[in-house]
Amino acid sequence: MDVTEYVEAVAAHCPYIAPSVERGLTGWTVYEAAGAAGHVEAGVFQAGVWAAEWVRLLAHRPYGALACENVVVLGTDREVLDWPHWVLKHLYGPVGLMFGKFSVGEATRDRYGRCIPVPPVSFLPVRVAVRSRDARFLRRTPDLSAAVAVAVDDGRDVFEGIPHEWKEIKQWAHPLLPRQ
């Protein structure tokens, strides 16, 4: 899978991508969705955990703040990314990681109104948080925004005190949904 053209186009919107790629700190791991939606969600969640723990290790190395691992999921729709993305950002935000969510063909704009390049694949990027900037992306979730603003990775187990089965993890995260 070649995402070079996409990454180069996105670099105009994110000042961290080019330096990350140049230093070999951007990874793309590709998975193919297979099975029922619930099983795919659980698999995406597990892949996100592996990516997050990898980024946590890289974060303490030189230029580690530029580490980014992208979990690509082929053959699925946006909905199966929703819950894994939601839960992962709440688990890992307090230790200074950010999760994004991009769907194949999704057309969006940046904060300046410029068109962001359309993703060629659906993926969840996980990267080290930029505390001074990323809290703004989380304004719909003020508690998470506050946690990211002061986040420090102290090595804690982000799963301490939460269930380990995917169905129960979703139930744990449900109250964290923003109130409309």
Visitor: Can you measure from OG1 (T108) to CD1 (I116) and round to the nearest 0.5 angstrom?
Guide: 3.5 Å
Visitor: Would you say that more than 12 heavy atoms from the other residues, nucleotides or ligands in this model lie under 6.0 Å from the OH of Y63, or not?
Guide: no
Visitor: Going by the salt bridge (Lys or Arg N to Asp or Glu O under 4.0 Å) test, which pairs reach into residues 141-154, not counting sequence neighbours?
Guide: R56-D153, D154-R156
Visitor: Going by side-chain contact (heavy atoms from CB on, under 4.5 Å), name the residues that satisfy it together with A33, two or more places apart in sequence or in a different chain.
Guide: V40, V73, T76
Visitor: Taking side chain to side chain donor-acceptor pair (under 3.5 Å) as the cut-off, I'd like each qualifying pair that reaches into residues 113-126, sequence neighbours left out, listed once.
Guide: D110-R114
Visitor: Go through the structure and list residues passing side-chain contact (heavy atoms from CB on, under 4.5 Å) with R109, not counting sequence neighbours.
Guide: C115
Visitor: Would you mind writing out the side-chain donor-acceptor pairs for residues 164-172 within the sub-3.5 Å range, not counting sequence neighbours?
Guide:
| from | atom 1 | to | atom 2 | distance (Å) |
| --- | --- | --- | --- | --- |
| H164 | ND1 | I162 | O | 3.2 |
| W166 | NE1 | E41 | OE1 | 3.4 |
| K170 | NZ | E41 | OE1 | 3.0 |

Visitor: Indicate the atoms forming the closest heavy-atom contact of P119 with F123, along with that distance.
Guide: CB-CE2, 4.1 Å
Visitor: Can you list, pair by pair, the side-chain donor-acceptor contacts under 3.5 Å of residues 88-105, counting residues two or more places apart and other chains?
Guide:
| from | atom 1 | to | atom 2 | distance (Å) |
| --- | --- | --- | --- | --- |
| Y92 | OH | E53 | OE2 | 2.7 |
| K101 | NZ | D82 | OD1 | 2.7 |
| S103 | OG | R78 | NH1 | 3.4 |

Visitor: Pick from W28, W54, W50: which one makes a side chain to side chain contact (heavy atoms under 4.5 Å, CB included) with E69?
Guide: W54
Visitor: Run the numbers on N70 and L124 for side chain to side chain contact (heavy atoms under 4.5 Å, CB included), then give the verdict.
Guide: CA-CA 6 Å; N70 298 283; L124 298 178; over 6 Å; no
Visitor: Would you find more than 12 non-hydrogen atoms of other residues, nucleotides or ligands less than 6.0 Å from H39 atom NE2?
Guide: no
